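Heads up: the structure comes next, in C-alpha cells.
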Amino acid sequence: MNAPHAPARTYEVKTYGCQMNVHDSERLGGLLEDAGYVRAASGDQADVVVFNTCAVRENADNKLYGNLSHLAPVKAERPGMQIAVGGCLAQKDRDTITTRAPWVDVVFGTHNIGSLPVLLERARVAEEAQVEILESLSVFPSTLPTKRESAYAAWVSVSVGCNNTCTFCIVPALRGKEKDRRPGEILAEVEALVAEGVTEITLLGQNVNAYGVEFGDRQAFSKLLRACGAIEGLERVRFTSPHPAEFTDDVIEAMAETPNVMPSLHMPLQSGSDKVLRDMRRSYRSSKYLGIIERVRAAIPEAAITTDIIVGFPGETEEDFRATLDVVRAARFSSAFTFQYSKRPGTPAAVLDDQVAPDVVKDRYQRLAALVDEIAWSENKALVGRTLELMVSEGEGRKDAATRRLSGRAPDNRLVHFAADFSAVDASSVRPGDMVTVDVTYAAPHHLVADGAIRSVRRTRAGDAWERRTSGSSTSSSPASVGLGMPAVGVPAPLPPAPACG
C-alpha cells in the first residue's frame, strides 16, 4: 500500500510598490506554482510568505520590518514555515535584512526572482538563511512562469531598468540600466495572452517610451503600439510610465491612429518649477511638458491625462510650489498622485541642503491635493450625460455591495460605478471582461456613476476566460453571473500607488 502524499505547501506573495512589483509578483506566483506550491486560501496562514518590496518611499523599511516582526511568533509556532524577502528593498538592504530579522529564510534581489524556489529549498535543507543578490539581470522576467491575477487584463514588460539619473529616485540603482526585449518577443507574448482570452494589455517599463535605446531604434515604441493594433482580439492597449524628456510626436501619432490604443496617458510631472526640475535632474522644463500635453489633446481630444507630483523637494520655495500649481491648472489632469518628498538614503537628493520643513511640506501637499481634486471634479462633471463603453472590472468597486452597483473602466481609464440593473437589456449576467454601455449620471472627483438602465451588454472572450477561471473548468459554457460585492482579487492597477519612474 502506497503512503499518502504529503499535502502541497502553500504560499502567499505580499506586494508593495509600483506596477513593476505587481508584475514581478505574478512571476513569483508562477514560479512557486511551477515548483509545486499552491496559493493559500484567503485567511489561511501560508507555509511560505514572500514579501516583494519597494524602496521608493521613506516608510518602506518600517513597513517591511513591522510585518516581519508580526510573523516572527507565527513562524516560531509553525515548524517548516519559511519567509522570503525580495524586490527593491532587498536589493538595497541585502544582509541587513537577516541581521535585523534573523528568522527570514531567503533574501533575493530584483535581478534574480527566478531563483526563489531553489533558494527556498536550499534554506530548508541547510537550515540557514540564503541571501542571493545579483548585480545584473540573469533572466528577463517575462520568460518565467506567471500566475496572473486577472483573466481579462495583463501586464507585458517591454523593458526593465532605467538610464535616467533623477536625484530623488533610487530605482535605477536597484533595477539597473535599461534592458529592452526584442519586439518579436513582446508581440508573441501579447498574442499568446489574447489567445487565452485577455483583451486588455498594459505595456510596462520604468521609462516605457525610451524602449528601443538598447538596439538603436528611437521610434521602436511607436512601432510597437502600431503592431499591437494589428493583433486581432486585442481590444485595449495602455502603457506606463513614459518620461516627458523622451516623449516624441511619433508616439502621439501612433496613439491617435491606432484604434485599440486607449485615450489615456500617465505622464509624470514631478514639479512645475524649472529650478526644481533642474535640481531633480529631470531633463525637461515646464514649457516642454505643457507642449506635450497640448499636442496630445490636439491629436486625441478625449484623452485623460494623469500624473505624479512630488511636493517639498529640497530647496523648493513657495514660488517654486506656486509654479507647480500653475502647471496643474494649465494641464487640467483627470487625476494626480501627489507625494510628499521622501528622503531615501543612497540618492543624491538625500544630502542636498535646504531640506524643507515637514509642516511646510504638509501644508503644500494639502493645497496641491485640494487643487487636483477641484480640477478632476470639474473634468468629470463635463462627462455627465455622456455614453461610455466600459470594460467590467473585478474588485475595483469597494462599495458595490452596499450601493448595488458594479464597476468598470472607460476607454480613458476613468472608474465608473454602474447600476446592476439589466432590465433594459437582454442579459441575465455580466462578467468581468465583458463590455457594457452606460450613460453617466453623476460625477465625483475620483469616479463617475451611471445609475440609469444599461444600454447594452457585449459578452466577450475575456468574460469567457474569467468564467472558465472561476468555474475551474476549461470547457464550461454555462453563464456565471457576478454577484454584488465581487471578490477583490487583483486586476492590473490602472495607476501607480507609488511614484512612477518616468
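These figures come from a predicted structure and were not determined experimentally. Heavy-atom basis, side chains included; hydrogens, waters and symmetry copies ignored.
Ionic pairing of Asp439 and Arg455 is present here: one or more N-O contacts between side-chain nitrogen and carboxylate oxygen are shorter than 4.0 angstrom. Here Asp326 pairs with Arg329 in a salt bridge; the nearest charged N to carboxylate O distance falls below 4.0 Å.
Counting only distance, with no hydrogens or angles, the side chain of Asp363 and the backbone of Asp359 share no donor-acceptor pair below 3.5 Å. Distance alone, capped at 3.5 Å, is enough to place a donor-acceptor pair between the Asp320 side chain and the Thr317 backbone. Without hydrogens or angle criteria, Thr441 side chain to Asp451 main chain gives a donor-acceptor distance under 3.5 Å. Judged by distance alone, with hydrogens and angles left aside, the side-chain atoms of Lys14 form no donor-acceptor pair with the main-chain N or O of Asn52 at under 3.5 Å. One N or O on the side chain of Asn380 and one on the backbone of Ala444 form a donor-acceptor pair closer than 3.5 Å. Proximity of a side-chain donor or acceptor of Ser393 to a complementary backbone N or O of Glu396 within less than 3.5 Å is not detected. Remark: side-chain polar atoms of Tyr289 are paired, donor with acceptor, to backbone N or O of Met267 under 3.5 angstrom. A side-chain donor-acceptor contact under 3.5 Å links Asp434 to the backbone of Thr460. Proximity of a side-chain donor or acceptor of Thr167 to a complementary backbone N or O of Ala349 within less than 3.5 Å is not detected.
For Arg458, the CZ atom is densely surrounded, since the number of other residues' heavy atoms within 6.0 Å is greater than 12.
Note that CD of Glu253 and OG1 of Thr258 are 10.5 Å apart. Values are rounded to the nearest 0.5 Å. Atom CD of Glu316 and atom CZ of Arg364 lie 4.5 Å apart (nearest 0.5 Å). Within the model, atoms CZ of Phe339 and CZ of Phe168 stand 10.5 Å from one another, a figure rounded to the nearest 0.5 Å. Taken to the nearest 0.5 Å, the CG atom of Leu265 stands 6.0 Å off from the CD1 atom of Ile293. A distance of 12.0 Å separates CG of Leu225 from CD1 of Ile252, quoted to the nearest 0.5 Å. Put simply, NZ on Lys288 and CG on Leu277 are 12.0 Å apart, with the number rounded to the nearest 0.5 Å.
For the pair Arg431/Val392, no side-chain contact is recorded, criterion being any heavy-atom separation below 4.5 Å from C-beta on. Side chains of His243 and Ser283 form a contact here, defined as non-hydrogen atoms less than 4.5 Å apart. At least one side-chain heavy atom of Val372 sits less than 4.5 Å from a side-chain heavy atom of Val328. Counting heavy atoms from C-beta outward, Gln206 and Ser159 have side chains that stay 4.5 Å or more apart. Under the 4.5 Å side-chain criterion, counting only non-hydrogen atoms from C-beta, Asp180 is in contact with Val213. Taking 4.5 Å as the limit, every side-chain heavy atom of Phe221 sits out of range of all side-chain heavy atoms of Thr248. With contacts defined as side-chain heavy-atom distances shorter than 4.5 Å, the pair Phe247/Asn209 qualifies. Residues Arg409 and Arg414 fail the side-chain proximity criterion, which asks for heavy atoms closer than 4.5 Å.
Using a 3.5 Å distance cut-off with no hydrogens or angles, the side chains of Asp274 and Ser286 do pair a donor with an acceptor. Between the side chains of Arg238 and Ser264, at least one donor N or O sits under 3.5 Å from an acceptor N or O. In this structure, a donor-acceptor pair under 3.5 Å is absent between the side chains of Arg236 and Asn260. Inspection of the Asp250 and Ser222 side chains reveals an N or O donor paired with an N or O acceptor under 3.5 Å. Counted by atom type alone, Tyr284 and Arg282 present one or more donor-acceptor pairs between their side chains at under 3.5 Å. With no hydrogens or angles considered, no side-chain donor-acceptor pair links Asp464 and Tyr152 at under 3.5 Å. Checking Arg332 against Ser378 by side-chain atom types alone, a donor-acceptor pair falls below 3.5 Å. In the model, Glu246 has a side-chain atom that pairs as donor or acceptor with a side-chain atom of Asn207 under 3.5 Å.
Counting all heavy atoms, side chain and backbone alike, Val457 lies closest to Ile454 at CG2-CG2, 4.1 Å. Across Glu191 and Ile231, no two heavy atoms sit closer than the pair CG-CD1, 4.0 Å. When all heavy atoms of Ser150 and Ala153 are compared, the closest pair comes out as OG-N, 3.0 Å. Closest approach of Pro263 to Glu302, counting heavy atoms only: CB-CG, 3.8 Å. Residues Arg181 and Tyr211 approach most closely at O-OH, 2.7 Å, considering heavy atoms. Minimum interatomic distance between Gly312 and Tyr341 (heavy atoms only, all atoms of both residues): O-CB, 3.4 Å.
Between Phe239 and His266, a ring centre-to-centre spacing not shorter than 6.0 Å is recorded. Aromatic ring centroids of Phe333 and Phe337 lie 6.0 Å or more apart.
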As a quick check of understanding, evaluate salt bridge (Lys or Arg N to Asp or Glu O under 4.0 Å) for Glu374 and Lys381, giving each step before the final call. CA-CA 11 Å; Glu374 176 189 327; Lys381 286 176 182 176; over 6 Å; no
Determine, step by step, whether Ser407 and His417 satisfy the side-chain contact (heavy atoms from CB on, under 4.5 Å) criterion, reporting the C-alpha distance in whole Å, the side-chain angles of both residues, the deciding distance to 0.1 Å, and the verdict. CA-CA 4 Å; Ser407 298; His417 306 299; 2.6 Å; yes
Apply the test salt bridge (Lys or Arg N to Asp or Glu O under 4.0 Å) to residues Lys177 and Glu214: give CA-CA distance (whole Å), side-chain angles for both, the deciding distance (0.1 Å), then the verdict. CA-CA 10 Å; Lys177 292 293 186 181; Glu214 200 177 28; over 6 Å; no
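Relative ring orientation between Tyr442 and His447 is described as tilted, the plane-to-plane angle lying within the 30° to 60° band.
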